[in-house]
Protein chains: 2
Amino acid sequence: MFGSTSRARAVASARAPGIETPAGVSRPAPDRHETARTRAETAYEAIKHRVLENAFPAGTYVLEQELADLLEMSRTPVREALIRLAHDGFVEIRPRHGMRVLPVSPDDMREIYAILTILEAEVAAEIATRGLTDAEAAALWYATNEMTLALEEDDLVRWARADAAFHRDLIMMSANRRQRQVVLQFWDQSHRVRMLTLKLRPKPFESTEEHIKLVKAMEARKPDLARALHRAHRQEAGAMLVRILAEHNLTQL
Amino acid sequence: MFGSTSRARAVASARAPGIETPAGVSRPAPDRHETARTRAETAYEAIKHRVLENAFPAGTYVLEQELADLLEMSRTPVREALIRLAHDGFVEIRPRHGMRVLPVSPDDMREIYAILTILEAEVAAEIATRGLTDAEAAALWYATNEMTLALEEDDLVRWARADAAFHRDLIMMSANRRQRQVVLQFWDQSHRVRMLTLKLRPKPFESTEEHIKLVKAMEARKPDLARALHRAHRQEAGAMLVRILAEHNLTQL
DNA sequence: TCATGACTTTACGTATACACTAAAACATAC
DNA sequence: GTATGTTTTAGTGTATACGTAAAGTCATGA
């Protein structure tokens, strides 16, 4: 169903596309780019993408059959995808109304950033304790450099991309798989709000500086400093987003 | 599928039990105690229970059809339950081999306790900041009292039950729903190891004292003290469990 | 116009059928 | 006995059918 099936299918599924099977179950060739996936996985990714990119706005109800029609598959893999999406916190499932895209309120953002702040600060300290590998340092410096260049060009989208890459790279350095999973889950939950408020925020000069200071603290192997810097960085970012949501009365993004 | 369906079904499902439906789908009356549930939910709870209580030992493979036979339902709700159980970290799904109960290794326990330590310590500080309600204090004192009585009677099972209740009560006091969800998820993941090592651990006199001190610190509204006490408590408990697993070569519980 | 009851429609949860292919079993050669 | 190739079996992912009941629609009365 997951993971190793995808691998096995990638190897085994080099059959001719478009074969029409003789019995009730029609088996069109799935789109093949580089990994074969179950339809349930395809559905998961497709729906998640639409949620994150606001193609399905917050509060929207979409029925199972609508999703199935849209994705050109039966309801079964759609249902399986929805179970996962609900568990990830992107949608809720309301029988006879379909899935509803969960809005992200200021309170939600408070919750999310409270957890990100706690857990990421510990990761920063962990990394400062054991030191950065060359590759890790390069990745983080690349991201901060991107942020700086983006600011020079007044390209906020580019800046946001670099910011996301920085934080993703950072959490992926954690040795604790469960910690990575939790942080990424909530970071994803905040994605739409971050994107939709991008132009409402002040220019992130200080934020960029904070990223740079954090990398320096980690390179200098100062765990307490790294923890404190990152904690402050996350707390301020969360508080600012919450403020913006409140000021603009964006209560359900 | 979840939640509100259960409510609606509870109201609407007072039909005669045992009605045999005319077409392919046989609809025996589900067992009714107080809440009606979908079969997928029934499957989730039943399988989870068997995993937690070691009826399906770690490393065990069980096929979908075996589970369906055992639970007297079709494969469909079993599949849906397995998606959730996999997401909760109790099993992995391996196509053509069925679900496999995920063992919990010493490294897993390190990961779990690292996260519990961080997040719960913050909850303890939060509660110490805002103070305990009478009901909350009563619940925690009841649990610590149970621990004390259990120790007097040398009843470790009773002690473990009180310990679990204490921690569950504590996390449920967090205002952060996501934090509650994360902590409970990982606490559940450690359940089997805690139960299976119960008799291998030293008598938890100090642990009981630590619980008592924590409640006092929270009542006294000392957030820094509460955080530090609870952090130490969780770190020591995690380290001890990891030690025991290693000493007894229990690498895959 | 609003409320209520009856009837109809439809979305869901589930069982079942089926195609596909991974895994197991079997046959053969060295 | 071991390795390899072929055949068979069976577990999964998916589509479809169906029963159930929630939701919608319609008719009627006050």
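All chains are named by letter (A, B, ...) in the order of the sequence lines, taking the proteins before the strands, and each is independently numbered beginning at 1.
- Out of C:dA22, C:dA11, D:dT14, the shortest distance to the side chain of B:R96 is found at C:dA22.
- We find that CZ of B:R94 is positioned 15 Å from C1' of C:dT21, with the value rounded to whole Å.
- In the interface, the side chain of A:R75 is not paired with the base of D:dT16 through any donor and acceptor atom under 3.5 Å apart.
- Remark: A:R79 engages A:E64 in a salt bridge, criterion side-chain N to carboxylate O under 4.0 Å.
- Applying side-chain contact (heavy atoms from CB on, under 4.5 Å) to A:F90 and the options A:K48, A:R192, A:Q185 leaves one that passes, A:K48.
- Nearer to the 5' terminus of DNA chain C, by closest-nucleotide assignment, is the contact made by A:G98 (compared with the other of A:G98 and A:T76).
- Here C:dC12 presents its P atom at 4 Å from CD of A:E64, a figure rounded to the nearest Å.
- Comparing atom distances between the B:R79 side chain and each of C:dT10, D:dT14, C:dT14 picks out D:dT14 as nearest.
- Rounded to whole Å, the distance from CG on A:D69 to P on D:dA15 is 12 Å.
- Side chain of B:P95, nearest nucleotide from C:dT10, D:dT12, C:dA15: D:dT12.
- Of the listed nucleotides (C:dT14, D:dA15, D:dA22), D:dA15 has the atom at the smallest distance from the side chain of A:P77.
- Note: CG (B:L63) to P (C:dA23) measures 12 Å, nearest angstrom.
- Rounded to whole Å, the distance from NE2 on A:H97 to C1' on D:dA22 is 8 Å.
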Exercise for review: May I have the step-by-step check of side-chain hydrogen bond (donor to acceptor under 3.5 Å, both in side chains) for B:Y142 and B:D169, ending in yes or no?
Suggested key: CA-CA 11 Å; B:Y142 179 79; B:D169 287 339; over 6 Å; no
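- Here A:V62 pairs with A:F56, A:T60, A:E66, A:L67, A:M99 under the side-chain contact (heavy atoms from CB on, under 4.5 Å) rule; sequence neighbours left out.
- Closest approach to the B:S74 side chain among C:dA23, D:dG13, C:dA15 is made by C:dA15 (side chain taken as heavy atoms from C-beta onward).
- Here D:dG11 presents its P atom at 8 Å from CD of B:E66, a figure rounded to the nearest Å.
- Between B:E92 atom CD and D:dT12 atom P the separation is 13 Å, expressed in whole Å.
- The interatomic distance linking B:E72 (CD) with C:dT14 (P) rounds to 15 Å, in whole Å.
- The aromatic rings of B:Y113 and B:W187 stand perpendicular to each other, their planes meeting at an angle above 60°, with 30° marking the opposite boundary.
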